[in-house]
Amino acid sequence: MSSISIAIAWCLAWGNERQPQFDITVLQEMREALNKNNTKEVPEAVKAIVQQVEELQSIKDDYFPPTLDELKHQYSNLWNQTTKIGLVYGGATKVKNYVFDSAKIQEIRGASGLLDRINQIDLKAFFNDDYQPEYKPNLYQAQCTDIRTWLNDNFHQDFNLSEVLIPQLIIYSTGGNILAFCPTAYVHHLADAIEKRYTYETLTANSCAVGDTFRLLEIRFGLLKENIEDTPWLEWYHKNYQKPIIQAYFGYPKDENERLEVFKTRKSFNEITTKLAVLFNQRRSGNHIPGRKTTRRYPPMFETHPYLVRDGGENHSAILRVDKLARETSFSEPSVRKYLFGDRAKDGDPKEPQWYLDCKLEWRRGIVESWVDRFNKVFLEKNQSLKSKYYGGINPKTVQIAQTLTQVSNASNGFIAYIYADGNNMGGYIQKQIKTPQQYQKFSQDVELATQYAVYQALAENLHPHTLKGLNEEESDLRNGDLIHPFEIITIGGDDILIVVPANKALEISQMIADRFEGILLKEVNLVEVKPQEKEKKCILGNYKLKFDKPFEPNKIHRYQPLNAKPSECELSTSIGVLITAINTPIYYAKELINQLLKSAKERAKKLKKVGYHGGTVDFLTLKSVTMIASSVKEFRQEALTKKSPQNLKLYAAPYTLHELRGLLTSIAALKKAKFPKSQLYQIRSLLERGKHTAILNYRYFRVRLKQGKSELENDF
């Protein structure tokens with residue numbers, strides 16, 4: 001049986017009460033017997049339950065009963081099942097407010113890493129699913145045991161909560177959210193535990209979790225009435241589909257066949273998750289949830305006083321002052337946790353520094369597994385050609401993690417680039433294509449895998465270890481001459497990416513991330529260089545290839561050599577915002593601009609989707625000074641980069657499609673190879689104000705005078 005089938009069987013065998021309806025040893029034997037490659041027999045007491053689960057999973061994907069009478073006749077055992085199944089959904093909310101609370105990169109890195117650890121390790125440990133990286137088994141074993149001890153100490157009623165939960169119950173736990181099955185009586189307790197864990201570890205991060213119970217048939221056919229016969233079905237829908245409220249829920253079908261399809265799409269497991277999403281938003285807004293005894297758990301409020309020392313972030317009162325760092329620092333309890341988790345001076349060392357131990361605070365950071373560890377040991381070790389290209393003969397053990405953004409900027413003359421990416425059409429794909437828990441699980445795994453490996457490949461292809469030089473920094477243990485990885489991965493979660501790279505490689509990395517993301521999902525790009533049997537294990541992804549129903553019209557999409565453009569073939573893509581700026585730009589200001597650039601890129605992707613383009617888009621901005629933009633990126637472009645004399649001129653082309661960005665990079669490379677003077681580029685731009693034809697004539701005249709690189713410029717322009 002699949003893990004989803006085992007999860008459903010476990011919930012049914014447990015029953016609706018706090019005490020399991022069978023002895024707990026019977027449930028454990030059933031679980032072992034249902035595991036793959038196990039030859040044990042299912043205990044006689046639960047065979048009927050297992051048969052029901054097998055019957056549910058045997059329903060073909062394309063089957064949909066035209067009437068409820070047929071459903072009752074075909075699957076009477078499932079129809080009469082009274083034991084319900086719990087489903088819990090939750091995770092962190094208002095993540096950016098917590099992560100960017102501080103302006104210091106070490107605390108930002110620590111805040112993001114702490115949230116990631118809770119989602120990937122702590123919550124999975126609730127379910128006895130101990131996260132163990134491939135390169136170091138048992139790394140988190142002791143820590144996961146401590147997490148379960150905390151869970152049982154705080155949520156013990158009749159049973160330890162960790163005894164109620166098994167690994168197979170987790171559908172997914174990625175991107176800062178978790179969706180999992182749960183025995184009915186423990187749904188709200190598990191939701192409370194998820195919320196409390198975030199607050200216990202972070203103190204100030206927002207989180208929310210909700211749960212509900214559902215019938216067995218609802219897993220396959222969506223929400224049903226208490227009396228199933230009263231559920232509105234196809235006949236009712238055909239009579240009422242034109243009503244606005246019905247259209248808002250089911251969609252806007254054009255004909256009878258499409259009406260059947262939209263109804264079938266809605267009446268699936270997706271309808272259950274939609275209900276949980278609604279409950280999630282209600283609880284996050286502070287509303288009461290039926291059946292939930294606990295009120296919304298907001299993070300604690302830290303009182304302040306005008307004469308107290310603050311921590312410099314959210315102005316929480318400082319509780320300790322440390323003079324053993326590069327500079328004297330005041331910490332509140334939330335900020336010191338972020339600092340400790342972001343500390344990479346002793347990479348991966350779980351032991352806290354002595355100054356923290358001396359302050360007698362009880363919180364411990366545990367294992368700190370950095371993104372660079374994963375980049376090295378999970379990706380490069382399995383891609384030896386890329387490892388050789390990235391290190392170029394340098395001993396990997398001599399390369400250290402950059403501790404500050406100043407060190408990253410050292411690889412690009414004091415400039416860095418923030419790259420912020422988010423997936424396109426994720427919600428639409430889920431609504432139309434995801435209809436079962438198995439598909440949810442597979443989809444989340446595929447997207448997470450494609451996102452991580454797209455970033456890893458882009459970094460390995462475009463960067464190399466950098467030797468620090470001209471550095472005058474006191475906040476770091478690194479000195480001039482030391483080798484560093486010239487990038488900072490703040491987060492890679494689900495379909496979200498936030499990284500910092502040297503400014504001179506930002507566009508190449510952004511273009512490759514978006515391109516590789518689609519390529520991996522389409523199986524055009526191999527994830528790792530491994531043996532065939534391992535590749536089969538790692539690279540089997542779902543089918544994300546587009547089904548084209550319209551002819552491809554590149555002239556309506558691309559502004560650069562449209563006839564050479566290939567149609568985007570993946571249903572999912574990525575929009576990216578890139579801010580290239582000096583190292584002295586405040587992080588809180590950069591965050592606002594990068595959000596605007598990502599929003600602009602996503603708006604272009606939505607517009608182009610109407611004319612048949614489903615690929616990625618990239619918007620970027622070079623910020624020469626902090627005072628360059630007084631309001632928003634959109635207003636700056638309208639006022640400073642748009643001219644109306646003698647014709648309407650837009651002196652910028654962003655956002656770009658991936659083909660256009662590839663063309664821009666190719667053109668820049670051609671100009672560099674031809675040694676085209678920068679002064680002439682500025683002159684061409686100034687001549688644009690006299691008209692496009694005048695600027696073109698001036699460019700062609702100067703191109704004829706070039707001594708080298710003529711062919712490259714002729715081919716690329």
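With sequence neighbours left out, the side chain to side chain contact (heavy atoms under 4.5 Å, CB included) criterion links Lys634 to Ser632, Gln638.
When atom types are taken as modelled, the side chain of Gln596 and the backbone of Val633 share a donor-acceptor pair closer than 3.5 angstrom. At distances below 3.5 Å, not a single donor-acceptor pair connects side-chain atoms of His558 with backbone N or O atoms of Thr657. The main-chain N or O of Ser332 is never found under 3.5 Å from a side-chain atom of Ser317 such that the two would form a donor-acceptor pair. Checked by atom type and distance alone, the side chain of Arg109 pairs as donor or acceptor with a backbone atom of Gln403 at under 3.5 Å. At least one donor-acceptor pair closer than 3.5 Å links the side chain of Thr585 to the backbone N or O of Ala582. Between the Asn206 side chain and the Thr93 main chain, no donor and acceptor come within less than 3.5 Å of each other. Panel note: side chain Ser112, backbone Ile108; no donor-acceptor pair is recorded below 3.5 Å. A side-chain donor-acceptor contact under 3.5 Å links Thr617 to the backbone of Ala601. Judged by distance alone, the side chain of Asp422 and the main-chain N or O of Ser575 form no donor-acceptor pair under 3.5 Å. The main-chain N or O of Asn287 is never found under 3.5 Å from a side-chain atom of Ser285 such that the two would form a donor-acceptor pair.
At a threshold of 4.5 Å between non-hydrogen side-chain atoms, the residues Leu340 and Val368 do not count as touching. Looking at Arg479 and Leu468, their side chains never come closer than 4.5 Å, going by heavy atoms from C-beta outward. Val99 is not listed as a side-chain neighbour of Thr491, based on a closest heavy-atom distance of 4.5 Å or more. At least one side-chain heavy atom of Tyr418 sits less than 4.5 Å from a side-chain heavy atom of Ile587. Side-chain contact between Cys359 and Phe331 is absent, with no heavy-atom pair separated by less than 4.5 Å. With contacts defined as side-chain heavy-atom distances shorter than 4.5 Å, the pair Gln400/Gln407 does not qualify. Contact check for Glu518 versus Leu658: side-chain heavy atoms found under the 4.5 Å cut-off. Using a 4.5 Å cut-off on side-chain heavy atoms (C-beta onward), Leu203 and Tyr98 make no contact.
Results of the side-chain contact (heavy atoms from CB on, under 4.5 Å) test with Ser510 over Thr574, Asp515, Val578 single out Val578 as the only residue that passes.
Using a cut-off of 4.0 Å between Lys/Arg side-chain N and Asp/Glu carboxylate O, Lys96 and Asp496 are scored as not salt-bridged. Using a 4.0 Å cut-off between charged side-chain N and carboxylate O, Lys607 and Glu603 make no salt bridge. Comment: Asp495 does not engage Lys602 in a salt bridge, judged by the lack of any side-chain N to carboxylate O separation of less than 4.0 angstrom.
When all heavy atoms are compared, the tightest approach of Thr451 to Val447 is OG1-O, 2.7 Å. Taking every heavy atom of both residues into account, Ser335 and Glu107 meet most closely at CB-OE1, 3.9 Å. Across Lys124 and Ser173, no two heavy atoms sit closer than the pair CE-CB, 3.8 Å. Looking at every heavy atom in both residues, Leu478 comes nearest to Ile484 through CD1-CG2, 3.5 Å. Arg284 and Cys208 get closest at one heavy-atom pair: N-SG, 3.7 Å. The two atoms that bring Arg364 and Tyr356 nearest to each other are NH1-CE2, 3.5 Å, heavy atoms only.
Separating the CD atom in Glu369 from the CD atom in Gln120 is a distance of 9.5 Å, to the nearest 0.5 Å. Between the OG1 atom of Thr404 and the NZ atom of Lys104 there is a distance of 13.0 Å, given to the nearest 0.5 Å. Between the OH atom of Tyr140 and the CD1 atom of Ile147 there is a distance of 9.5 Å, given to the nearest 0.5 Å. Expressed to the nearest 0.5 Å, how far CD1 of Ile583 lies from OG1 of Thr406 amounts to 4.5 Å. With rounding to the nearest 0.5 angstrom, the CG atom of Asn462 is 5.0 Å from the CD1 atom of Ile509. Expressed to the nearest 0.5 Å, how far CD1 of Ile118 lies from CD1 of Ile194 amounts to 11.5 Å.
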**Request:** In sequence, state the C-alpha distance, the side-chain angles, and the governing distance for Arg374 and Ile492, and then conclude on side-chain contact (heavy atoms from CB on, under 4.5 Å).
**Result:** CA-CA 11 Å; Arg374 302 178 197 179; Ile492 307 176; over 6 Å; no

**Request:** Would you sort out whether Asp116 and Phe341 count as a side-chain contact (heavy atoms from CB on, under 4.5 Å), showing the intermediate values?
**Result:** CA-CA 11 Å; Asp116 184 59; Phe341 207 85; over 6 Å; no

**Request:** May I have the step-by-step check of side-chain contact (heavy atoms from CB on, under 4.5 Å) for Glu488 and Ile416, ending in yes or no?
**Result:** CA-CA 10 Å; Glu488 175 72 48; Ile416 57 174; over 6 Å; no

**Asked** After noting the C-alpha distance and the side-chain angles of His614 and Asn425, does the key distance pass the side-chain contact (heavy atoms from CB on, under 4.5 Å) rule?
**Response** CA-CA 9 Å; His614 293 78; Asn425 196 37; 5.5 Å; no

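There is a side-chain donor-acceptor pair under 3.5 Å between Asn376 and Tyr391. Remark: the Asp358 side chain and the Gln354 side chain contain an N/O donor-acceptor pair separated by less than 3.5 Å.
At least one test fails for Lys377 against the ring of Phe375: distance under 6.0 Å to the centre or angle within 45° of the axis.
A distance below 6.0 Å separates the ring centres of Phe620 and Tyr656. A distance below 6.0 Å separates the ring centres of Phe379 and Tyr453.
Shown here is Lys609, whose NZ atom has no more than 12 heavy atoms of other residues, nucleotides or ligands within 6.0 Å. In the displayed structure, Asn413 atom CG is contacted under 6.0 Å by at most 12 heavy atoms of other residues, nucleotides or ligands. More than 12 heavy-atom neighbours from other residues, nucleotides or ligands sit within 6.0 angstrom of OH on Tyr652.
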